[in-house]
Participant: 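Input: one structure, supplied below.
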Amino acid sequence: MEFYFLIVVLILIGVFVFLFKNKNTNIRPSYEKKSDLIASYEEELKSIINDNQHNKELLKTKKMQYLKTVSQELHNNIFFDENEVKQIIQRLASM
């Protein structure tokens, strides 16, 4: 009886080790996360431009609102410094 209990405990330990080992292998470096975030901002801005290209005033207003939102988000993000935020906003503004 004790032998079966020991086997069950060892199997459970093996399952937990396997589960925790697999979760840690999906960690992405910060530069990848940053580039993905910037790409998502660019895609969203492209979508805003495409949706409002027929009305220049509305496009300008929506673009300014979006740039302000992105600027606030980036300033609150610990991965970006002040110079990076300025460069990103300038690049988005030039689109």
Participant: Which of these passes side chain to side chain contact (heavy atoms under 4.5 Å, CB included) with Asn52: Ile49, Ile48, Asn55?
Facilitator: Ile48

Participant: Using a 3.5 Å distance criterion without hydrogens, assess whether the side chain of Ser47 forms a donor-acceptor pair with backbone atoms of Glu43.
Facilitator: no

Participant: May I ask you to list the residues sharing a hydrophobic cluster with Met64, side-chain cutoff 4.5 Å, ordered by chain and number?
Facilitator: none

Participant: Counting only N and O atoms by type, is there a donor-acceptor contact under 3.5 Å from the side chain of Glu84 to the main-chain atoms of Asp81?
Facilitator: yes

Participant: For atom NZ of Lys62, decide whether the heavy atoms of other residues, nucleotides or ligands shown that lie under 6.0 angstrom number more than 12.
Facilitator: no

Participant: What's the shortest heavy-atom distance between Val85 and His75, and which atoms?
Facilitator: CG1-CE1, 3.3 Å

Participant: Does a side-chain heavy-atom distance below 4.5 Å link Phe80 with Ile38?
Facilitator: yes

Participant: Using 0.5 Å steps for rounding, measure from the OH atom of Tyr66 to the CG atom of Leu92.
Facilitator: 7.0 Å

Participant: Between Glu57 and Lys60, is the closest basic N to carboxylate O distance under 4.0 Å?
Facilitator: no

Participant: To the closest 0.5 Å, what do you measure between CD1 (Ile88) and NZ (Lys86)?
Facilitator: 13.0 Å

Participant: Considering only heavy atoms from C-beta outward, does the side chain of Leu37 approach that of Phe79 to under 4.5 Å?
Facilitator: no

Participant: Taking all atoms of both residues into account, what is the closest heavy-atom pair of Ile89 and Leu67, and its distance?
Facilitator: CD1-O, 3.9 Å

Participant: Give a yes or no on whether the backbone of Met95 and the side-chain of Lys63 come within a donor-acceptor separation of less than 3.5 Å.
Facilitator: yes

Participant: Counting C-beta onward and ignoring hydrogens, is there a side-chain heavy-atom pair between Leu45 and Val70 closer than 4.5 Å?
Facilitator: no

Participant: With a cutoff of under 4.5 Å between side-chain heavy atoms, which Ile, Leu, Val, Met, Phe, Trp and Tyr residues group with Leu58?
Facilitator: none

